[in-house]
There are 2 protein chains.
Amino acid sequence: MHSLNNLIIEFYDKLSSWEQSVVKDTGYSLAQVHTIEVLGSHGSMRMKELADRLAITTGTLTVQVDKLVKFGLITRSPHEDDRRSILVGLTSEGMALHKHHNRMHIQLTEDITRHLDQNSIDVLTKSFEKMNREF
Amino acid sequence: MHSLNNLIIEFYDKLSSWEQSVVKDTGYSLAQVHTIEVLGSHGSMRMKELADRLAITTGTLTVQVDKLVKFGLITRSPHEDDRRSILVGLTSEGMALHKHHNRMHIQLTEDITRHLDQNSIDVLTKSFEKMNREF
DNA sequence: TTATTTACTTTGACTATCAAACAATATAAC
DNA sequence: GTTATATTGTTTGATAGTCAAAGTAAATAA
């Protein structure tokens with residue numbers, strides 16, 4: 001159990017620095033790419049929902065969104081039913097960044113699992129499913 | 001492969017927010033606890049080595065260490081062989097914080113693996129070993 | 001119709017961070 | 001041995017990310 005614990009921590013740390021270096025290459029910040037990621041994988045959403053998913057306040061998000069709009073990665077549009085709300089979504093440039101980042105992730109997953117046999121990958125997949133459910 | 005990739009990303013995100021909430025309870029910042037973690041698991045070391053392990057500059061570390069010393073969590077002591085260098089190490093209070101944080105990690109590992117049978121845990125452990133080697 | 005809640009923005013303060021300039025010491029070149 | 005170069009750590013100035021609190025506008029409840 002202790003060794004598994006240490007392996008998980010090591011895995012997390014390595015993933016963390018991998019992410020940092022991959023993000024640095026894009027020229028955008030970690031927070032900015034993370035915002036693009038969430039919008040890319042879940043689609044357009046309101047400020048409040050996006051802030052919750054990013055675990056930041058809407059105040060912080062407002063200034064982040066200002067920058068991303070200026071960069072041409074996202075757009076604000078009015079919410080149809082609720083005039084207090086604003087829909088935030090990716091531009092085509094934002095989508096391109098998301099796709100690029102996603103490809104990097106898939107490539108990493110392929111790289112780190114290349115010495116695992118099919119059975120291990122199956123067990124690993126099922127184990128991650130079960131673990132993710134327990135958080 | 002895609003589903004495993006998504007599971008890894010989900011796992012990382014959940015671990016990330018778990019860490020954030022656990023750290024918040026200590027009253028110290030993420031960066032501060034991370035510094036304590038590295039010193040706790042690797043023992044005393046020079047500023048440069050610590051900065052490298054934390055992936056920050058020595059300039060950033062200097063101010064961080066100032067604060068942690070003020071909090072009574074770490075101490076600076078002269079390096080025996082190299083008078084340019086300084087050894088940074090945990091106080092007993094720092095060690096207590098490290099132990100507490102470590103216990104939380106072990107508890108988490110136990111919690112998220114409680115529905116895995118022994119064979120899965122074995123495969124999972126070996127798979128993490130192999131994956132960590134490939135980064 | 002009024003009171004309360006919700007969504008977003010703005011502002012002020014704080015922390016983490018880096019790059020660059022600096023001082024002290026160690027190491028390499030000659 | 002002396003000089004030149006590299007390394008270690010600190011300081012300083014600038015920037016980004018963050019929150020809490022106050023403010024505005026709109027939706028919902030009383």
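Order of the sequence lines fixes the chain letters, A, B, ..., with proteins taken first and strands second; residue numbering starts at 1 for each chain.
Linking ILVMFWY side-chain heavy atoms closer than 4.5 Å, directly or via other members, places A:Leu73 and A:Val63 in two distinct hydrophobic clusters.
Under a 3.5 Å cut-off, the side chain of A:Thr26 and the backbone N or O of A:Val22 do not form any donor-acceptor pair. The backbone N or O of B:Ser29 sits less than 3.5 Å from a side-chain atom of B:Gln32, completing a donor-acceptor pair.
Counting non-hydrogen atoms under 4.0 angstrom, B:Ser85 reaches the backbone sugars and phosphates but no base. Using a 4.0 Å heavy-atom cutoff across all strands shown, A:Ser29 reaches sugar-phosphate atoms only and no base atom.
A salt bridge does not link B:Lys130 with B:Glu134: none of the charged nitrogens is closer than 4.0 Å to a carboxylate oxygen. Of the charged side-chain nitrogens involved, none lies within less than 4.0 Å of a carboxylate oxygen, so that A:Asp66 and A:Lys70 do not count as a salt-bridged pair.
One interatomic measurement links the two molecules: CZ of B:Arg84 to C1' of C:dC22, which rounds to 15 Å at whole-angstrom precision. Spacing between atom CG of B:Leu61 and atom P of C:dA16 amounts to 12 Å, rounded to whole angstrom units. Rounded to a whole Å, the CD atom of A:Gln20 is 15 Å from the P atom of C:dA16. Look at CD1 on B:Ile86: it is 13 Å from P on C:dA26, rounded to the nearest Å. Atom NZ in B:Lys70 sits roughly 11 Å away from atom P in C:dT15 (whole-Å rounding).
Side-chain polar atoms of A:His98 and A:Glu93 form no donor-acceptor pair below 3.5 angstrom. For the 3.5 Å distance criterion, the side chains of B:Thr125 and B:Asp122 fail to qualify, holding no donor opposite an acceptor.
Comparing A:Asp81 and A:Val63, the nucleotide of DNA chain D nearest to each residue sits closer to the 5' end for A:Val63. Taking for each of A:Asp82 and A:Gly59 the nucleotide of DNA chain C with the nearest heavy atom, the 5'-most of the two is the partner of A:Asp82. Residues A:Arg83 and A:Thr60 both approach DNA chain D. Their nearest nucleotides, taken by heavy-atom distance, put A:Thr60 toward the 5′ side. Between A:Asp66 and A:Lys24, the residue anchored nearer the 5' end of DNA chain C, judged by the nucleotide with its closest heavy atom, is A:Asp66.
Here the range on DNA chain D touched by chain B, meaning any atom under 4.0 Å from one of its heavy atoms, is D:dT7 to D:dT11.
The stretch residues 30-48 of chain A comes close to DNA chain C through A:Arg46, A:Met47, A:Lys48, each having a heavy atom under 4.0 Å from the strand.
Within a 6.0 Å sphere centred on NZ of A:Lys126, heavy atoms belonging to other residues, nucleotides or ligands number 12 at most. The environment of CD in B:Gln118 is crowded: more than 12 heavy-atom neighbours from other residues, nucleotides or ligands sit within 6.0 Å.
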